[in-house]
2 protein chains.
Amino acid sequence: MVHKTGTGRTTKQAFSSRPTIKDVAAKCGVHPSTVSRALSPAMSHLVAPDVAKRIRAAAAALGYQVNVAAAGLRTGRSGLIGVLAPDIADPGFPPILSGVTETLGAEGYATIVVDVGTDCSREQEIVDRLIARGVDGLVLATVTLNDPVVGHCLAASIPVVLVNRTDAGRRLSAVVTDDEAGMRLAVEHLVGLGHIRIGHIAGPQNVSTGALRRAGFKAAAARAGLSAHSIMIEISRAYTREEGRLAALRLLDRKLAPTAIVAANDLLALGIYDALSERGLNCPADVSVVGHNDMPYVDMLSPPLTTVRIAQRKMGNQAARLLLDQIADPTAHRKRLVLEPSLIVRTSTVPPKR
Amino acid sequence: MVHKTGTGRTTKQAFSSRPTIKDVAAKCGVHPSTVSRALSPAMSHLVAPDVAKRIRAAAAALGYQVNVAAAGLRTGRSGLIGVLAPDIADPGFPPILSGVTETLGAEGYATIVVDVGTDCSREQEIVDRLIARGVDGLVLATVTLNDPVVGHCLAASIPVVLVNRTDAGRRLSAVVTDDEAGMRLAVEHLVGLGHIRIGHIAGPQNVSTGALRRAGFKAAAARAGLSAHSIMIEISRAYTREEGRLAALRLLDRKLAPTAIVAANDLLALGIYDALSERGLNCPADVSVVGHNDMPYVDMLSPPLTTVRIAQRKMGNQAARLLLDQIADPTAHRKRLVLEPSLIVRTSTVPPKR
DNA sequence: GAGTGTATTGCAATCGATTGCATAAAGGGT
DNA sequence: ACCCTTTATGCAATCGATTGCAATACACTC
């Protein structure tokens, strides 16, 4: 007769499995709901002070921590925020991320960071997965100008804040820097040094920073009195050092090469340095270079890079705050914060030769 | 009398709230459990092929996605992994993180990355919070040699893998590089160039990389025939550029300054560059410098940095794999993977002057 | 001492999914 | 025809916490 009842199953939960609210309740001889109330700041006024104290003591003794996932199931809030990053390995991004997690962490939220890479279809899927995980909000640092993911998020009516990059329709809240102002600073600096043939290596034109900085470059050049044929623009396909190198080569190989180049991004500027040494040219003697972002350690390059500094950490902080506001009041209208950039002059820019 | 009852509460869930398994079940005229089975690869063989197809179609039509948190409550698995990072802004870390998330993401896990900063007490608390969130495992890149958090994790009997840094007792699985071998490569390279007075800027001695690299430096020097008083060591208090600068100054200000310095970390090497220019010295002419980690863009420094390359991404991949194995079989014994470093020779190292 | 509050606490439903067990229907063998 | 498998589906408990409502106890007023 095989009457062996399930073995090992009876262990129930002995082991070192985490204590639950029931364990605390049992230890105190009260109902779980009382424990829940005692431990919730918002509800603790409903339980007798001495009982509450006893419960808190028991909870501490047992090492009890509320199961956030279980609580979230009931309350509908997971305390999770999804962050989509274009490329974590880009040194320009971590400061933004720091800012986001700092502000969010202070409010008890944890962040799930996903490195999207280039693949745009993946982006949609990633957002869906995060929503399935029950995130309370999303921070997107990846959107392209006409990104389908924007409509997708709107349809899901989930709080979203864009950071660094914005969408064409401006349908979502965003924290960005003034891309046009940044380029104006760069161009005015170069014109002030005496440059009259200036090149620009633009970023991908389907992301706002690429398009806006290019427009800003053109506007600033015109404003500074440079004619249309004294500026030249090459568009890179990605914000990478290699793409920057390729675009810079195209610029340098023109009949009338520029005496200064403004990059839409520091990584592109690194590529310019590569291209220059490849062509046997010297920066800044032959060509001045201006970057954008002031990512960490560009002051250690040879030569130290003149670049447009943007307040990345602050950008992250403010994006997080905007998101928190939006979670607190989902009906609130979308907002747009624009941070002012500043120019950090180092030694990659000098007056043109003779 | 304030008898206003909660308004707006009755909304129930109309809105655009996500569909649940019940909605799918209703639409197909089957029981939720059937839907659950149809949608779970492991259980779908239990439901009739045509019904399963109908269910999948309905789920797709409704845009249904399983609520991972709810499922996790029942199954006890959250699909979440916690990662503790020493400092996200350190360019050396993102590649490790990429590796971890890549491997974990492929298996359906999402990662919560927390930047711990310096504060050690915070670390304990962060781990507790992550456990409360129900993470299925932890990747720690932050442990110190005698970190109380190790015992804490052991007590919680939660799968943990250490990465890059290890604990003194070797009580947890870990993926690290051969710190001693790396220093041997550096020292042998310098000795081969003819250096006979070599300095070392060690990292904090309470983390394994700091202690092991220092030990490795000493061993390699002895092995290469350098006497104890021809090597000199300064210990930095943190892996930062500023601490590197300070330690380098101490080294340079000794009566008999070294002709070459090996840093335990590239960030420290940056500080050496700073200190050198501060003292009016030139690298490599006056002092050769070797870094450690080969973090991104150190090839663009002036001069390009000779450094010990470690396979960060691979380290991340393997740590993730180890963690997955440990989750699959919690009784499995702890493992230790040691990756071999290699030396990348650039132009920051040359033979000593005359 | 009845009436009216007010302060505490318990009860039970609920969130969304999973899964062991029971049941029902269909197929097969003799 | 009957019994025994298989196969497919439904039922209901469960995971851990929260919260509206009900119930009890105690205090206070007149």
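Proteins get letters first, then strands, A, B, ... in listed order; numbering begins at 1 in each.
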Atom-pair distance (NZ on K22(B); C1' on dA12(D)), nearest Å: 13 Å
D128(B) side chain to H152(B) side chain, donor-acceptor N/O pair below 3.5 angstrom: yes
Whole angstrom value for the distance that separates P of dG16(C) from OH of Y64(B): 10 Å
Side-chain donor/acceptor of R133(B) to backbone N/O of S78(B), under 3.5 Å: no
Spacing of L73(B) atom CG relative to dT19(C) atom P, expressed in whole Å: 12 Å
Nearest-angstrom distance from the residue atom CZ of R74(A) to C1' of dT14(D): 17 Å
Between dA17(D) (P) and L62(A) (CG): distance, integer Å: 12 Å
Qualifying residue, where the test is side-chain contact (heavy atoms from CB on, under 4.5 Å) with Y109(A) and the options are T101(A), I327(A), L80(A): I327(A)
Rounded to 10 degrees, the angle between the two terminal axes of the helix from dG1(C)-dC30(D) to dT30(C)-dA1(D), each from five pairs: 50°
5′-ward residue of the pair M43(A)/T75(B) relative to DNA chain D: T75(B)
R77(B) CZ to dG16(D) P, straight-line distance once rounded to whole Å: 16 Å
Please write out the pairs of protein N or O atoms and N or O atoms of nucleotides 7-10 of chain C separated by less than 3.5 Å, giving the distance to one decimal.
| residue | atom | partner | partner atom | Å |
| --- | --- | --- | --- | --- |
| dT9(C) | OP2 | A48(A) | N | 2.9 |
| dG10(C) | OP2 | H31(A) | N | 2.8 |
| dG10(C) | OP2 | T34(A) | OG1 | 2.6 |
| dG10(C) | N7 | R37(A) | NH2 | 3.0 |
| dG10(C) | O6 | R37(A) | NH1 | 3.4 |
| dG10(C) | O6 | R37(A) | NH2 | 3.2 |

side-chain N/O S36(B) vs dT18(C) OP1/OP2, d < 4.0 Å: yes
Protein-nucleotide distance (L39(B), atom CG; dT19(C), atom P), rounded to Å: 13 Å
Derivation of the side chain to side chain donor-acceptor pair (under 3.5 Å) call for T166(A) and R170(A): CA-CA 7 Å; T166(A) 160; R170(A) 310 208 160 185; 5.0 Å; no
Given I81(B), L130(B), V149(B), the one that forms side-chain contact (heavy atoms from CB on, under 4.5 Å) with L138(B): L130(B)
Minimum heavy-atom distance between A58(A) and C28(A), given as atom pair plus value: CB-SG, 3.4 Å
Note, I112(A) side chain near T111(B) side chain (heavy atom, < 4.5 Å): no
Length of the line joining I21(B):CD1 and dG10(D):P, which is rounded to integer Å: 12 Å
Set of side chain to side chain donor-acceptor pair (under 3.5 Å) partners for R165(A), sequence neighbours left out: none
Atom NE2 of H333(A) with >12 non-hydrogen neighbours under 6.0 angstrom: no
